[in-house]
Number of protein chains: 2
Amino acid sequence: MELKRSAEGEKGFEKVFAFLRERLLAGSLKPGDRLISERELASLLGVSRPIVREALRALTVLGIVEIRDRIGTVVTRPDVSVLNDFFTFALAQQADMLDDVMQARVAIECQAIRLACERANIADFERLQRALAKIGETIDEADAGGMADFDFHRAIVVASHSETLTVLHSSMAGLLTHSHRSRRELVQAFPSMKTYLIDDHRRIFEAVIARDPERADATLRKHFAIGDEYRRRAVVGDIDKTSASG
Amino acid sequence: MELKRSAEGEKGFEKVFAFLRERLLAGSLKPGDRLISERELASLLGVSRPIVREALRALTVLGIVEIRDRIGTVVTRPDVSVLNDFFTFALAQQADMLDDVMQARVAIECQAIRLACERANIADFERLQRALAKIGETIDEADAGGMADFDFHRAIVVASHSETLTVLHSSMAGLLTHSHRSRRELVQAFPSMKTYLIDDHRRIFEAVIARDPERADATLRKHFAIGDEYRRRAVVGDIDKTSASG
DNA sequence: TTATCATACTGGTCTTACCACGATCAGACC
DNA sequence: GGTCTGATCGTGGTAAGACCAGTATGATAA
């Protein structure tokens, strides 16, 4: 009983969580490792099994460990789903967050495309090219078109070879997929969007090929701005077909 | 046939979690609301209290609810700590992620400063000015200097008035604080860093004041690039300072 | 009316116990 | 001797009941 006070009032759950976090952060617990059993952990830290399970469950939702039924608890590589969950909940309670998330997406992609200009390899180029072609093929389809659009943008982020940027971008994917689709549905309303979508993405692609970060960033940024403009026009019902691109 | 098992194999925890998620996503549970007690929830869903606590704990680490001792469980506004925890763990298991996180930070800040140029108000300007002054005052102190540096950058993000960008930036704060400090420790080694730090931040400030997104972005980006350069030089030993006691 | 206190909550935790299944190894069979 | 089989043990998954320590609230006493 007296050993419990290992760290100033840590209250059971905190104790277990801190214990595991320590090992995980210190690196003594690495992905693939199997934790000791819940019972051992419980007796080791002087807490009950339910408390241990609370801590393990907490680490599970954080994507740090995975509880395998009748097998044990193993450390996993950090997973994106946490961020997905978070954004899902966050968005549900703050609908106005969508614009915010969009801003974050722009941030991530514009940085990613700069890195992509430096780091992209042949495979990345090919993936981008395929995505670009797909955009042209599916220009008249809302669903497939939105998918192709998203794939292209994801290819940019992947080409940055930055795990963190990819993770962040993916975490917003769920939310933005909807955005992509609704944008695609505007194609029928704005014929000029076809050229906008195709030409813009082609210009972006070319900038990456040219390995010109500034141009790529600027082009991508303008691409987003024009997309916003279209959406704005759709909202106010200002249906026309002027210019585009630019 | 039993109602308990009618929920398509949902295994207790999943059942509770799904139940709460449903309410949270549907909006019937909003921030500030107090959930029913654990005991009620348990009997309502036909599970035991420890299971309910697992689910509540899961929501807690996701920053969705807050369990208040002897008060109850209340729904909170989405909190940053989730992302903090995630990035902390993720980084611990992938040390090479630090550079990646830095890239993400650059992404967030460069986007934030663009928004700040549009949205910043007087209070934001004042906060930036104070942070700028602080940087000058603490130029010779590693700890306080690093703090002032970070405060300035945080002020930029805050001035963007974007919740998501702020959240993301904050989530990387913990990791990057260390980076800031070590960078500050280079000041003694590179006297030229003093002018770099002061002048750069002043130029960034001025660009925001001028509400010039392009210039602000470019200046901030250059600021980061120069910082990288200093760090690179320090790594290759292009200096000869008190190499010990680092 | 006010102040005090008993009581019925709340969450926080522990304990014990059972289940179903995977892993393992001993023994039986080939 | 080698292989297959099966019982046992350990694992996670869960239930039920109990206790503690505070809080909130109401009733009672001043």
Side-chain angles (χ1 to χ4, degrees), chain A residues 1-21 23-24 29 32-76, chain B residues 1-21 23-24 29 31-76 79:
Chain A
M1 299 292 281
E2 56 276 11
L3 291 179
K4 286 183 177 181
R5 46 183 212 82
S6 60
E8 303 95 42
E10 284 181 340
K11 293 300 184 186
F13 166 82
E14 291 295 337
K15 193 196 303 186
V16 181
F17 194 77
F19 175 83
L20 293 174
R21 166 164 51 194
R23 315 281 153 142
L24 287 164
L29 281 179
D33 291 357
R34 202 165 70 255
L35 270 60
I36 60 179
S37 73
E38 299 178 353
R39 289 173 176 83
E40 286 182 83
L41 209 47
S43 70
L44 176 63
L45 296 178
V47 299
S48 64
R49 255 189 85 201
I51 300 300
V52 171
R53 286 186 60 77
E54 278 185 38
L56 293 179
R57 191 69 81 174
L59 290 173
T60 298
V61 300
L62 282 177
I64 311 297
V65 304
E66 184 183 350
I67 303 180
R68 294 182 185 166
D69 197 353
R70 289 171 294 277
I71 301 291
T73 307
V74 300
V75 183
T76 67
Chain B
M1 307 304 261
E2 304 297 327
L3 290 180
K4 290 186 178 181
R5 54 200 313 174
S6 67
E8 302 94 39
E10 285 182 341
K11 295 299 185 187
F13 167 82
E14 291 296 336
K15 193 194 305 184
V16 182
F17 193 78
F19 176 83
L20 293 174
R21 166 164 50 194
R23 316 280 154 142
L24 286 164
L29 280 178
D33 291 357
R34 200 164 73 257
L35 270 62
I36 59 180
S37 73
E38 300 177 352
R39 289 174 177 82
E40 287 182 83
L41 209 47
S43 70
L44 176 64
L45 297 178
V47 299
S48 64
R49 257 189 84 200
I51 299 301
V52 172
R53 286 188 59 78
E54 279 184 37
L56 292 180
R57 191 68 80 174
L59 290 173
T60 298
V61 299
L62 282 177
I64 311 297
V65 304
E66 183 183 350
I67 303 179
R68 294 181 186 167
D69 196 354
R70 288 170 293 274
I71 301 290
T73 306
V74 300
V75 183
T76 67
D79 187 26

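Reminder, nothing fancy here: chain letters follow the sequence lines and each chain counts from 1. Side chains included, hydrogens not; waters and symmetry mates left out as well; all remaining heavy atoms used.
- Annotation: of the two residues near DNA chain D, A:Leu35 and B:Val47, the 5′-most nearest-nucleotide partner is A:Leu35.
- In this structure, A:Arg53 CZ and A:Leu56 CG are separated by 7.5 Å, a value rounded to the nearest 0.5 Å.
- Here the straight-line distance linking atom OG1 of B:Thr76 with atom CZ of B:Arg68 works out to 8.5 Å at 0.5 Å rounding.
- Taking atom CZ on B:Arg70 and atom C1' on D:dG22, their separation rounds to 4 Å, with Å as the unit.
- Under 3.5 Å, the side chain of A:Arg68 and the base of D:dG12 form no donor-acceptor pair of N or O atoms.
- When distances are taken from the side chain of A:Pro50 to each of C:dG11, C:dT15, D:dT23, the shortest belongs to C:dT15.
- Distances from the side chain of B:Thr73 to the nucleotides C:dG11, D:dG13, D:dA24 place C:dG11 closest.
- Distance B:Arg39 CZ to D:dA16 P: 14 Å, rounded to the nearest Å.
- D:dG10 atom P lies 14 Å from atom CZ of A:Arg34, rounded to whole Å.
- In this structure, the nucleotide among D:dT11, C:dC14, C:dT10 sitting nearest to the side chain of B:Ser37 is C:dT10.
- For a distance-only test at 3.5 Å, the side chain of B:Arg49 fails to qualify as a donor-acceptor partner of the base of D:dG17.
- Taking the side chain of B:Glu38 as heavy atoms from C-beta on, and the options C:dC14, C:dA17, C:dG12, the nearest nucleotide is C:dG12.
- Using a 4.0 Å heavy-atom criterion, one finds that B:Glu54 contacts no nucleic acid atom at all.
- Rounded to an integer number of Å, the gap from A:Ile51 CD1 to C:dT16 C1' is 15 Å.
- Rounded to whole Å, atom P of C:dT10 lies 13 Å from atom CG of B:Leu56.
- Picking from C:dA20, D:dG13, C:dT10 the nucleotide with the shortest atom distance to the side chain of A:Arg53 gives D:dG13.
- Among the nucleotides D:dT11, D:dA24, C:dG11, the one closest to any side-chain atom of B:Ile71 is D:dA24.
- With rounding to the nearest 0.5 Å, the separation of CD1 in B:Ile36 from OG1 in B:Thr73 is 10.0 Å.
- Note on B:Glu66: nothing from the nucleic acid sits closer than 4.0 angstrom, heavy atoms only.
- One atom, NZ of A:Lys15, and another, P of C:dG12, lie 16 Å apart when rounded to the nearest Å.
- Between A:Asp69 and B:Gly72, the one whose closest nucleotide on DNA chain C sits nearer the 5' end is B:Gly72.
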B:Leu20/B:Val65 under side-chain contact (heavy atoms from CB on, under 4.5 Å): CA gap, chis, key distance, verdict: CA-CA 10 Å; B:Leu20 293 174; B:Val65 304; over 6 Å; no
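- Nearest nucleotide to the side chain of B:Ile67, out of C:dG11, C:dC14, C:dC21: C:dG11.
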Derivation and outcome, side-chain contact (heavy atoms from CB on, under 4.5 Å), residues B:Phe13 and B:Val47: CA-CA 8 Å; B:Phe13 167 82; B:Val47 299; over 6 Å; no
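- Counting only heavy atoms from C-beta on, B:Ser48 has its side chain closest to D:dA15 among C:dT10, C:dC14, D:dA15.
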